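Below you'll find the structure, written out as structure tokens, and then a few comments.
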Amino acid sequence: MQNITKEKANAYSPLTLAFLGDGYYELLVRHKITLSHNMSAGKLHLAAVEKVRASYQASAAERIAELLSQEEKDIFRRGRNAVGIVPRSSSPAEYRKATALEAVFGWWMLIGETERAEEIFEVIYNYENEKN
């Protein structure tokens with residue numbers, strides 16, 4: 001996959017970063033669920049939906065906010081402040097936090113910082129597993 005410089009990635013709109021980050025984050029969720037559960041595709045889908053919905057991502061965003069560098073926090077803030085259409089299934093506050101999280105994941109993917117994305121994703125995923 002082709003990567004771009006941070007300067008070029010910073011020029012992308014936060015909603016474009018979130019668009020990419022949404023897909024990347026969901027791929028990480030699907031990969032993790034597939035590795036830990038051998039079940040029907042329908043059950044895998046339901047498990048994935050649980051972890052990619054806005055309320056889950058909003059909670060995850062709160063947990064990892066302090067782990068971000070200043071540069072990552074700037075992308076997070078831009079994503080949080082972006083104006084988008086809020087789905088009925090979430091509150092505006094949840095949706096803004098989820099968009100912020102997705103924007104950072106999209107930014108990491110564009111600049112090739114997949115190790116950093118996976119490191120933060122592990123924090124998110126392990127927190128939920130330790131809680132249950």
Side-chain angles (χ1 to χ4, degrees):
M1 227 175 281
Q2 181 180 355
N3 300 321
I4 62 175
T5 65
K6 288 181 180 180
E7 292 76 23
K8 286 184 180 179
N10 291 345
Y12 278 75
S13 82
L15 293 178
T16 300
L17 294 173
F19 168 78
L20 179 61
D22 177 51
Y24 180 43
Y25 182 87
E26 184 168 355
L27 180 61
L28 293 171
V29 167
R30 287 176 175 234
H31 183 253
K32 191 64 130 174
I33 289 171
T34 300
L35 290 176
S36 58
H37 299 87
N38 186 11
M39 59 179 81
S40 71
K43 288 181 181 178
L44 288 169
H45 173 72
L46 292 175
V49 166
E50 183 70 21
K51 297 197 181 307
V52 298
R53 69 181 197 277
S55 60
Y56 181 92
Q57 288 183 340
S59 177
E62 291 173 359
R63 286 192 304 277
I64 60 102
E66 293 305 313
L67 301 176
L68 301 178
S69 70
Q70 187 56 53
E71 192 172 29
E72 294 164 344
K73 285 179 182 179
D74 290 343
I75 300 297
F76 185 92
R77 179 188 42 77
R78 287 179 52 214
R80 187 189 63 226
N81 293 338
V83 177
I85 298 169
V86 179
R88 285 185 238 156
S89 61
S90 68
S91 72
E94 286 175 334
Y95 189 71
R96 289 166 56 112
K97 289 176 189 172
T99 302
L101 181 75
E102 291 170 348
V104 175
F105 273 86
W107 185 75
W108 282 324
M109 186 172 194
L110 278 178
I111 65 170
E113 291 284 338
T114 55
E115 286 183 25
R116 177 67 172 150
E118 291 172 15
E119 171 190 335
I120 295 298
F121 178 78
E122 286 298 321
V123 170
I124 293 167
Y125 198 86
N126 291 334
Y127 176 85
E128 284 300 315
N129 286 343
E130 290 170 8
K131 199 171 94 173
N132 295 329

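Bear in mind the structure is a predicted one, so any value in this text is a computation, not a measurement. Sequential numbering from 1 along the given sequence is applied to the chain's residues.
Counting heavy atoms from C-beta outward, His37 and Lys32 have side chains that stay 4.5 Å or more apart. Within the 4.5 Å cutoff, no side-chain heavy atoms of Lys51 are placed close to those of Glu26. Put simply, the side chain of Arg30 does not reach to within 4.5 Å of the side chain of Leu44, judged on heavy atoms.
To the nearest 0.5 Å, atoms NZ (Lys8) and CG (Asn3) are separated by 11.5 Å. Atoms OG1 and CG, from Thr5 and Leu110 in turn, are 10.0 Å apart once rounded to the nearest 0.5 Å. For the atom pair Thr114 OG1 and Glu119 CD, the distance stands at 11.5 Å (nearest 0.5 Å). Atom-to-atom distance recorded for Ile120:CD1 and Arg63:CZ is 11.5 Å, nearest 0.5 angstrom. The CG atom of Leu101 sits 5.0 Å away from the CZ atom of Phe105 when rounded to the nearest 0.5 Å. To the nearest 0.5 angstrom, Glu113 atom CD is 8.0 Å from Glu72 atom CD.
For Arg96 (side chain) and Ala93 (main-chain N/O), no donor-acceptor pair under 3.5 Å exists by modelled atom type. Judged by distance alone, with hydrogens and angles left aside, the side-chain atoms of Asn10 form a donor-acceptor pair with the main-chain N or O of Lys6 at under 3.5 Å.
Tyr125 approaches Ser36 most closely through the heavy-atom pair OH-OG, 3.9 Å. Residue Ile111 comes nearest to Ala9 through the heavy atom pair CG2-CB, 3.6 Å, listed as atom of the first residue, atom of the second, then distance. The two residues Arg78 and Tyr12 have their closest heavy-atom pair at NH2-O, 2.5 Å. In terms of heavy-atom proximity, Pro14 sits nearest to Ala103 at O-CB, 3.9 Å. Nearest heavy-atom pair, Ile124 versus Ala60, reported as atom, atom and distance to 0.1 Å: CG2-CB, 3.6 Å.
Phe19 and Leu17 are assigned to two separate hydrophobic clusters, defined by single-linkage of ILVMFWY side chains at heavy-atom distances under 4.5 Å. One hydrophobic cluster, built from ILVMFWY side chains closer than 4.5 Å, holds both Val123 and Ile75. Criterion: ILVMFWY side-chain heavy atoms under 4.5 Å apart, direct or through other members. Under it, Leu67 and Leu28 are part of a common hydrophobic cluster. In the hydrophobic clustering of this structure, Leu27 does not group with Ile33; members are Ile, Leu, Val, Met, Phe, Trp, Tyr whose side-chain heavy atoms approach within less than 4.5 Å, directly or through other members. Under a hydrophobic-cluster definition in which Ile, Leu, Val, Met, Phe, Trp and Tyr are linked whenever side-chain heavy atoms come within less than 4.5 Å, directly or via other members, Tyr95 and Val49 are assigned to different clusters.
Salt-bridge annotation for Glu94 and Lys97: absent, with no side-chain N of the basic residue lying under 4.0 Å from a carboxylate O of the acidic one.
More than 12 heavy atoms of other residues, nucleotides or ligands lie within 6.0 Å of CZ in Phe121, so this atom counts as buried by the packing criterion.
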(request) Walk me through it: do Tyr25 and Val29 pass the test side-chain contact (heavy atoms from CB on, under 4.5 Å)? (result) CA-CA 6 Å; Tyr25 182 87; Val29 167; 3.7 Å; yes
